[in-house]
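These notes concern the structure reproduced below.
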Amino acid sequence: MKKQSIGVGLIGLGVVAGGVARVLLSKKDALAERIGCPVVLRKVKVLPSDLERPQAKEMDPRLFTTDTDEFFNQPDIDIVVEAIGGENPALQFLQRALSTGRHAVTSNKEVIAKHGAELRALAEQNGAGLHFEASVGGGIPLIAPFQRDLVANRINGVYAIINGTTNYILTRMAKEGVDFAAALKKAQELGYAEANPRDDIEGIDSTNKLTILAWLAFSCRIHPRDIYREGISRLAARDFVYARELGYAIKLLAIAKQNEKSIEARVHPVLIPEDSLLAEVDGVYNAILVDGDLVGKVLFYGEGAGARPTSSAVVADIVSAAHDIRLGAGSGMRWGGEAEKVIKPMSEIETRYYMRLNVADRPGVLAQIAKTLGDHLISISSAIQKETDEQEQTAELVIMTHPAKESAMQQALGEMAHMDAVKEVSNFIRVED
Ligand code: HSE
């Protein structure tokens, strides 16, 4: 006999969980119609401090418990929604839900990036579903397309702006010429940055999300520690001015590519052509460009964070799990195999480079720099002398190269930093044409 109602247990009452609770209560009739029976919020596992949140005041106090055992021992919870973020205890909660045969829904990028494969196995062993649409790109449909609509493709590459906070900061630096610290402060005031903004600005959040995308896109095992990562804190307002003069925008991109033998995955600032689709993605918006052998290039664009967009994805996962439960279908998740793939070391990648150097303004300096680059088989595509400081007798040089190997570039940069004529290697940014 089909179930007469589906019980949901919610863990957390922060921005995401509060948004989910609100949708489950306010849209209960529409959801019941969609699923064929009511979806009932049966318990909310909270911390004592959550009870002070405005959302708690709007809800029936009998829903709350601070006791983990009481939550998991409640027999009428069919779907556990974890929305507390962070690795622990979220991982233990998801393991406990799946090992007791409950379907699990999570918005937690860190847990899925680090433990997705083991949670998937646990779900399969227990005939349960593991759903994580909200873990990347907030409300943007991404996980389901990778598991369904794009499966006929060999995915060649994924190029993504998947952190709204850093994209907001870079947009302000580019459009208003403000420096990094001022732009970060504004992002924090607006409530965009993570509790620890280091996760955003050092690219940790993007790395977790790229791990999930690469896992699904290439059906391979990958961990955040396999991904090369650089944040945005060393970008200066003048880099944006020079990049624009050269026809480029600067974005923090999460890039994953696949070739015959290996995959490459990296998160770092890049110069991208100003007329490319991703260059036009401004503010807190996210965009994910997927390149498949059949579909070509498809772009997913939208709000990557916030209570409403994220609850759109979480509630969609709840509905999907509820359908599986109603139909007695076990887990309707569509998983591919998982190949072992070699991850290309960063030293092996090849791109073009932008660099900004502060050098002595005297004859022969440019020739010395060109020789150092030439010794490492790096060819210059353009070199421009920007500002000159007559008092200090220094000048700023902006150099763009043709494609070169990262290892060669790092060696050349190391040598240049020790040259008498080079006061400072002020910045160095990869270019993605
Ligand atoms: N801090 C993240 C961002 C939130 O800025 O995109 C969503 O994961």
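Whatever order the structure lists them in is the order used to number ligands and atoms, beginning at 1.
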Requested in this report: Please identify which atoms of ligand 1 are closer than 4.0 Å to at least one heavy atom of T165.
Outcome: 1 (N), 3 (C), 5 (O)

Requested in this report: Supply the atom-to-atom distance I155 CD1 to L150 CG, rounded to the nearest 0.5 angstrom.
Outcome: 5.0 Å

Query - Close-contact set for ligand 1 against A305 heavy atoms, below 4.0 Å - result: 4 (C), 7 (C)

Report summary line: Closest heavy-atom approach to atom 6 (O) of ligand 1 among G138, G304, S135, G164 is made by G164

Query raised in the report: Are any of the N or O atoms of N286 closer than 3.5 Å to those of ligand 1?
Result: no

Query raised in the report: Run the salt bridge (Lys or Arg N to Asp or Glu O under 4.0 Å) check on R238 and E396 step by step: do they pass?
Result: CA-CA 11 Å; R238 58 179 50 190; E396 188 155 60; 2.8 Å; yes

Query raised in the report: Do side-chain atoms of R42 reach the backbone of D76 as a donor and acceptor pair under 3.5 angstrom?
Result: yes

Report summary line: For D205, the ligand 1 atoms with a heavy-atom partner under 4.0 Å come out as 2 (C), 8 (O)

Query raised in the report: Going by the atom numbers of ligand 1, which of them fall below 4.0 Å from some non-hydrogen atom of D200?
Result: 1 (N), 2 (C), 3 (C), 5 (O)

Report task. Kindly say whether V281 contributes a backbone atom to a donor-acceptor pair with the side chain of N167 at under 3.5 angstrom? Result -> yes

Query raised in the report: Taking only residues two or more places apart in sequence, or in another chain, which ones meet R22 in a salt bridge (charged side-chain N to carboxylate O under 4.0 Å, His left out)?
Result: E58

